Q: 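After the structure tokens below, expect a handful of questions from me.
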Amino acid sequence: MPGYSAFTLVRNALSYHENWQRAWRSPEPRPEYDILVIGGGGHGLATAYYLAREHGINNVAVLEKGWIGGGNTGRNTTIVRSNYLWDESAAIYEHSLKLWEGLSQELNFNVMFSQRGVMNLAHNLHDWRELNRRVHAIRLNGIDSEILNARQVKEEAPILNVSRDSRYPIIGASMQRRGGTARHDAVAWGYARGADARGVDIIQNCEVTGFVIDNGKVAGVETTRGRIKAGRIGVVVAGHSSVLAEMAGFRMPVESNPLQALVSDPIKPVLDCVVMSSAVHVYVSQSDRGEFVIGAGSDAHVSYSQRGSFDIIEGIMGALCELVPMVSRMKLMRQWGGIVDVTPDRSPIIGKTPVEGLFINCAWGTGGFKSTPGSGHAFAATLAAGEPNDMAGPFTLDRFRTGFLIDEAGAAAVAH
Amino acid sequence: MFLIECPWCGPRSQTEFHCHGEAHIARPKYPDAVSDAEWADYVFNRSNTKGVIYERWVHNHGCRRWFNVARDTVSDRILAVYRVGGKRPEVTP
Amino acid sequence: MSQKFRLAEGGRIDRTRPVAFRFDGATLYGYAGDTLASALLANGVHLVGRSFKYHRPRGILSAGAEEPNALVQLREGARTEPNMRAPQVELFNGLVAESQNRWPSLRFDVWAVNGLFSRFLPAGFYYKTFMWPASRWMTYEKVIRNAAGLGKGPAEPDPDRYEHRNVWCDVLVAGGGPAGLMAALAAARSGARVIVADEQAEMGGSLLSDTTEIGGSPAADWVAAVFDELHATADVTVLPRTTVAGYYDHNYLTLLERVTDHLGAEPDGKTPRQRFWKVRAKQVVLATGAIERPLCFRDNDRPGVMLAGAVRNYVNRYAVLPGRRAVVFTNNDSAYGAAIDLARAGAAVKVVDLRREPAGDLIDAAESAGIEIMDGCAVTGVKGGKQVTGVTVRRLDEAGDEVAGGSRSMGCDLVAMSGGWNPTVHLFSQSRGKLRFDDGLAAFVPDRSFAAERSAGSCNGAMTLSACLKQGAEAGRSAASDAGFKAKAGSAAPKVDEPETGATRSVWVVPSGKPLGRGGKHFIDFQNDVTAADVHLAHREGYVSIEHLKRYTTTGMGTDQGKTSNVNALAIMAQLQGASVPEVGTTTFRPPYTPVGFGAIAGRNTAEFMDPARVTAMHDWHVEHGAVLEDVGQWKRPWYYPRDGELMRDAVNREVLAARNSVGVLDASTLGKIDIQGPDAARFLNMIYTNAWLKLPVGSCRYGLMLHEDGMVFDDGVTTRLGKNRFLMTTTTGGAANVLTWLEEWLQTEWPKMKVFCTSVTEQWATVAVCGPYARHVVGSLTEYDKLGPRDFEFMTMREMDVAGIPARVFRISFTGELAFEINVPRRYGAALWEAVWEAGQKYGITPYGTEAMHVLRAEKGFIIVGQDTDGTVTPMDLGMDWMVAKTKGDFIGRRSFAREDTARDDRKQLVGLFTEDPHQVLVEGAQLVEAVKPAPPMRMVGHVTSSYYSPNVGRSIALAMLIRGRARMGQTLFAPRLDGGAPLEVTVTDPMFYDRGGVRARG
Amino acid sequence: MVEKKKTGKAAPKPKKAKAGPAAKPETAAAAPPVAPAAKPTAAAPGVAAASPLDGRPGTGIDTAVMVEHPHAGKINLRGDPADQAFLDAVRDAAGAAPPTDANTVATAGRNEILWLGPDEWLVVTPEGEQGAMETALGAALAGQHVSVVDTTDARTTIRMHGAHARDVLVKGCPLDLHPRAFGPGQCAQTIIAKADVLIHQRDDAPTYDIYVLCSFARYLWDWLVDAAREFS
Ligand SMILES: Cc1cc2nc3c(=O)[nH]c(=O)nc-3n(C[C@H](O)[C@H](O)[C@H](O)COP(=O)(O)OP(=O)(O)OC[C@H]3O[C@@H](n4cnc5c(N)ncnc54)[C@H](O)[C@@H]3O)c2cc1C
Ligand SMILES: NC(=O)c1ccc[n+]([C@@H]2O[C@H](COP(=O)([O-])OP(=O)(O)OC[C@H]3O[C@@H](n4cnc5c(N)ncnc54)[C@H](O)[C@@H]3O)[C@@H](O)[C@H]2O)c1
Ligand SMILES: Cc1cc2nc3c(=O)[nH]c(=O)nc-3n(C[C@H](O)[C@H](O)[C@H](O)COP(=O)(O)O)c2cc1C
Ligand SMILES: [Zn+2]
């Protein structure tokens, strides 16, 4: 794979960029692979990449029904952080954050991971207590996190309104400085390029329409491009997890809800960190291009339409104008929706399914962009060994039977 | 922004309603008699259909009645609205 | 007032009203009726902005919403707005505009070096570089960020008002051109409720810049007549300056009306600046017209290169001559209109037509106007930097891929181009309509509708006026009829005479004789500086999906959302792939059509209207008496009542002591209260609560815990039996609404046969809780003291009696563990009762206490607060409340979940008390507990502090915690590490009840 | 924040409470529980009754006049409209049967019965008569499965009338209030801005009665006054 660098950029410029190679091939699917990964989002591509890179398994195909990165990976607000409450969550998200920190170099693809800091606002005593609980736990898990008072919040983000008589006054915040944002598309493309270079076939426009199951054991898939055989298959299809589960004959504790985001028109930089307020369900950052990237809360109904209700957007705007008064004259340039797969405890499911050889990695819900590297890493290990690794272990599907939930919902209303 | 026909009040804006998820999930009559897996199926598992879904909505800013809706989760078209206890209507998306 | 390029006559401007404005500091003049763009052109200003990436000089491309280039910073100070499209800014006196994205000035922009290095900055260059050393990325990023962005955000809060309006209608017509007006007219005549909205200042659409006649008189007369009739028709709303911004599910559309933006004067403080309409339409007619496509030729971005239709607009509507020597470059007939109008206005005009031997009425007309036509030719290059100074023209080969023959240079100051027309299908696509590629038009047109909607006019592919009028009339009629109205006769489209027009020749990239990317740029997306070479690069690198192309090159991702660029980009990609355009497909059209202000979407639901602040009947008293308020959900509750100069801690200690030693009074009105009645009420409570309710005597109260089906506690409260079949349930303040919903859910969906009715009475009652050793004295002095004796009025019972002359329900219940009476009176008497208690309590030193003191008092007793001491992971057993869980009554909600592995295990977190080693040290709520302190994290956590206070009654700090195997750890020492770097605090595990363990005081 | 108040876990084992005087088991399920024969609702003379909006400034314009009517009696009534006995009993007590057409109001003299839901109504009486009405309904409905609850104090009523009244309301109300869709004699539970309301259109002026929970009343009032500013 020809490397990317300032040097190769200049060299290619001299030949008018006519000699760049494809970032990934577009192969015809082979009849059989050792491992199939269904879903070409960030998680699926990362899984394939680590299978090849860490486990030397490269007879792998990623099957994507549309274009890679076109699911939630391509429509999220790109917040990356690891300040999770429960030990199990902290472990996998922090593992992921560590991978993020070297990802551009690892992939030789600049994913623009920008550690600009993530701030979670507290507006009342309840928020404050919860925030303290989190920060204490996070710190004891060896992860960076600090508490800011209102004055410090203002210093970090001068455009915020910290007036005491705001309807939702900002009384303080937690801040994870190692958190930040990354360029979502680049993550998919970078993993795709890396996996492809290690022999993985990335097959787009290839929708899985059914499973071939022999005696309770998976043997392959039916796709819009024909049958493909494999004895070990990982399903990484986010919002479509229930659809695939149904094809394989089992049910899941998952609902697919609309989650919306929007961007403003671009302006010169005024906001240097990520600001989140779970009380009003708003999170905002300013991208490198200058737009405000703003996320909202999810709808309560199931939908696969990649749209949500306008009143959610309308609702957050009042709050946003109150928290960040200068945005009132900024403009909504584009809005869109994704399909987030949510479990009752707001934690993901990674591991075995009732069908032997069939594994699943899903339910990252409203907050799985940040976990892309960690999830791929853990799932690759799980697929390679046929058993969940330590990181994935607690996130079994079976926990809903036993009750061993990892209840992030219990402590927070939103988790992005 | 859906326009939902409350079976009692007539068509109202989605803002007046709240969705409470899948309909027709019966609580096991004898919870002690079911296995952990069956109990989990009742408490947690949802069909989450891509296609026609039968779901419960409540007109919480209106008459406070719960009712069922058949909706295509791909087109978001509402195909039928019917009262609680009513039979699941046959609909085509 | 120079306006050198203003024509002597014509146009729809008001020459009697000159208007002064400033652009980049220079004062210029235009007329009322101008847009900023037309006024700039009238003054000969073509250089208006700088592009996003290369900072290329840019001018005015269009005359409408599609404008990618001429974006300005409008107004100053708190009212400044970035990225305003000059062609859509109406001119007003005193308007101030600045160019953007340049430093130090528009003409001399240092960042233009990016242009010099543009060769090193192709699409996606940043993915390939800035990676080493890793630590430098944040520095690189800063530079990138500063170079990007366009205008500047305002630094001050927005001083203007924004209103909303909800309306329902039978027919909404988007667009007020010939098709839209005709549709509105037809629908209006049927008696339907009609709204017609157009984003422009005047209705008429393209007719405002057209020279054709309708029914034998000027088109403008027809527009005026229709406008008058619509205005005079009942229930018809005509909305100029109103953009249909979003088309959402179930025919919900949002409209942005610019009410005062064009006035310039500061709004009067009551009139909204903008009004956001939220429309529910039974039927929609889309008549949004068409947007002209640029041609993709070398350096087609120079100021002075404009869309031909826009040129026509400036000439006819604004009486502005955008150039004196014009080259019209086209692949279709429509640009001949511009050529003819330019010539008529006095410009020297030449036409370069990509087609060989074009023929037809318009070509004949152009020729007879003396216009030279170079057929089969192309503009292959543009000269000039800050404005066009000339072009080179060459013949093309048969296929249009290569130049053939020598080049001819021509001086000019204007290039008017037309690459054909794209129907404005944005709203149609937003409504989920399916598109079809029309080969004749080389454009996407509406195919199958999804919503109750139809398209008419040029947005539907009709490119002649007569077809637009006809489609409009038909669409209006059928929309009204589908909405249940009968069409009236006489709504047929008027007659027009039109020239016959010929076909279009698509040449997606106009060759220049050199390979793409060398010696000049073929722009596709002007705003984001995407060139044809970038599309080639994306293709080469495998970003072939149209969605990848968009994201890799950023085509169509600017403020114009690719209105002029998307079709060109995908057509080029199609060619590269050897595929047809429809095979490549389009990207997704998303709302809004043009950007909509956040303030307008928020409306007035910000500041104090962002969320209702709920207050009790006694609220004013609290405020008058200096209470500091706490937000509890939407409620404003007194947190504590500091006396002059008192610190919070002192105030709370004083309040806590008073409640135990004399008497305190609390406003407890916010608790949820639900009246539950019916023959099955007790049976129902038995299912809802963990404990048994059948045998509770009438008049008695009982504490209850509610679980979700997963077995976890989600609310609690005291419920009183008012009668055999009637109960009064109290809930937590925050849980009130959820609990009622929960009860109704079970009643209506699971047990519809149960005869139970629930009615919220939270707000019916004001609740005054009097607590402390003198509580009986105080309440007794307001009612019959004798009736309050411990025997006459037992703990955990309720009585109806008059208190202070007010009929009341008095409960002998206590959240503080102290002797207490909770007096409930109809809300209107709440304030009077409070005052009466206050008066009566004076001699006992009655002290109002707030939520903080209440928390301390209840924590002294180890009473939990759901949501503070519990989250969604706590069972009654975890709380040590096994006694609350009935073993024999049978099923209740959540019970089955206790039998699961996780809930049955013995190492769950349990509620305990904690003492710090130093009795004055108060733990932080949320602090985590460890068994052993390590020099550095990670450390295994075994629990966390849920509540923590200084308790003046216990004489030390106390805390509640959830701790793994907590009850087995009594007396154990644990540590609470601190965030501030101080030494971890040593704590001892204790019973979670710190005061009056026998519960004597409450019963007393 | 989930903030709560509770009592009574004092005893480790719930001991049987001894029945106090008022704890006598009820004999007839029908009798309005606890309530004596004629329910006293008014306080002794001299006790001040306050309304949530006392002294709040109005719109100051006559095209959208707002007046508070806080104390009209409001009885929440539940019952089965398919049961003729229920309809008859209510007619006996209140002068009119509860309307069975959704979103309509039945008027009988000075009483009004507003449809809230398929089995729920609000019986509105003149100020001070709610006690008598509660008692009368209770008596008439004895033996039926119904619920009669005095909620007079839970909500206040903002009466708004004038040529711009509708324009003010549609700023925050998602309902179709156009005269073709909503007219005199109709009522609806819906939303204005962020408050739940019950709207009753009284006449063509138009005049609206807007019922709102008292704790939201100031918010809603201020919001409406602010909304009316445009028409001043
Ligand atoms: C609006 C929004 C904001 C968000 N904000 C954040 C945030 O700030 N931070 C954060 O960490 N997370 C955020 N998330 C969540 C995050 O985007 C997701 O958790 C994450 O991207 C999931 O990645 P994935 O690879 O699992 O899924 P996806 O990217 O959705 O990939 C799944 C892929 O599977 C494919 N597929 C589906 N069915 C089939 C089939 N039958 N055959 C073949 N392929 C199939 C899909 O086409 C898709 O490409 C947000 C999500 C949304 C929608
Ligand atoms: N010769 C050609 O090839 C050619 C090409 C295009 C158009 N035309 C002529 O132009 C006319 C087209 O008539 P028409 O009525 O279809 O279109 P139109 O362009 O006259 O009117 C459309 C109107 O809709 C408005 N609009 C667009 N989107 C909007 C939105 N989202 N919200 C509010 N307003 C919006 C526009 O500002 C415009 O005023 C005909 O006379 C036709 O002959 C000719
Ligand atoms: C972080 C982020 C930033 C975005 N920035 C822009 C932008 O600047 N301009 C734009 O048009 N769209 C932007 N988008 C939105 C995409 O255009 C697109 O709407 C999104 O990827 C969803 O895809 P879809 O709309 O094609 O369904 C952005 C999306 C994300 C996730
Ligand atoms: Zn209803």
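Protein chains get the first letters and strands the later ones, always in sequence-line order, with residue 1 at the start of each. Fair warning: this is a prediction, and the values are worked out from it, not measured in the lab.
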Q: Picking from C:Asn691, C:Leu696, C:Val756, which has the most non-hydrogen pairs under 4.5 angstrom with chain D?
A: C:Val756
Q: Name the member of C:His619, C:Lys636, C:Arg604 that forms the most heavy-atom pairs with chain D at distances under 4.5 Å.
A: C:Arg604
Q: Of the backbone (N, CA, C, O) and the side chain (C-beta and beyond), which part of D:Leu177 lies under 4.5 Å from a heavy atom of chain C, both, or neither?
A: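 Neither the backbone nor the side chain of D:Leu177 comes within 4.5 Å of chain C.
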Q: Flag the one option from C:Arg161, C:Glu163, C:Arg193 with the top tally of heavy-atom pairs under 4.5 Å to chain D.
A: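 Highest number of pairs under 4.5 Å: C:Arg193.
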Q: Can D:Asp54 and D:Arg218 be said to form a salt bridge (charged side-chain N to carboxylate O under 4.0 Å, His left out), step by step?
A: CA-CA 10 Å; D:Asp54 273 346; D:Arg218 290 182 179 180; over 6 Å; no
Q: Below 4.5 Å, heavy-atom pairs only: which of C:Ala766, C:Ala804, C:Gly678, C:Pro612 has the largest tally toward chain D?
A: C:Pro612
Q: Using the ring centroid of each side chain, check whether D:His145 and C:Phe757 are separated by less than 6.0 Å.
A: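 Judged by ring-centre distance (under 6.0 Å), D:His145 and C:Phe757 do meet the cut-off.
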Q: So which residue, C:Pro272, C:Ala613, C:Ala736, ends up with the most heavy-atom pairs under 4.5 Å with chain D?
A: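 Ranked by contacts with chain D, first place is C:Pro272.
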Q: Examine whether an atom of D:Asn76 lies under 4.5 Å from a heavy atom of chain C, and if so say whether it belongs to the side chain, the backbone or both; otherwise answer neither.
A: side chain
Q: Side chain from CB out, backbone as N, CA, C, O: work out which of these in D:Val168 comes under 4.5 Å of a heavy atom of chain C, or both, or neither.
A: neither
Q: D:Ala195, D:Pro45, D:Gly46, D:Cys214: which one forms the most heavy-atom pairs within less than 4.5 Å of chain C?
A: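 That would be D:Cys214.
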Q: Under the rule for salt bridge (charged side-chain N to carboxylate O under 4.0 Å, His left out), what residues qualify as partners of C:Arg165, not counting sequence neighbours?
A: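 For C:Arg165, the residues satisfying salt bridge (charged side-chain N to carboxylate O under 4.0 Å, His left out) (neighbours in sequence not counted) are D:Asp167.
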Q: Need one label for D:Cys173: side chain, backbone, both or neither, based on atoms under 4.5 Å from any heavy atom in chain C.
A: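 Answer is backbone: N, CA, C or O of D:Cys173 sit under 4.5 Å from chain C.
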Q: Which answer fits D:Asp222, side chain, backbone, both or neither, if we ask what part of it has an atom under 4.5 Å from a heavy atom of chain C?
A: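 Looking at D:Asp222, backbone and side chain both touch chain C.
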Q: Of the listed residues (D:Pro179, D:Pro70, D:Pro52), which shares the most heavy-atom pairs with chain C below a 4.5 Å separation?
A: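 Of D:Pro179, D:Pro70, D:Pro52, D:Pro52 has the most heavy-atom pairs under 4.5 Å with chain C.
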Q: Between D:Arg180 and chain C, with a heavy-atom cut-off of 4.5 Å, which part of the residue counts as in contact: side chain, backbone, both or neither?
A: side chain
Q: The criterion is salt bridge (charged side-chain N to carboxylate O under 4.0 Å, His left out); which residues satisfy it with D:Glu230, sequence neighbours excluded?
A: C:Arg275, D:Lys171
Q: Less than 4.5 Å to any heavy atom of chain D: does that hold for the side chain of C:Lys755, its backbone, both, or neither?
A: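 Backbone plus side chain of C:Lys755, per the 4.5 Å heavy-atom cut-off to chain D.
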Q: In terms of heavy-atom proximity below 4.5 Å to chain D, should C:Trp635 be classed as side chain, backbone, both, or neither?
A: side chain
Q: Can you tell which part of D:Thr152 gets under 4.5 Å to a heavy atom of chain C, answering side chain, backbone, both or neither?
A: both
Q: Is D:Ala227 in contact with chain C via its backbone, its side chain, both, or neither, using a 4.5 Å heavy-atom distance?
A: both
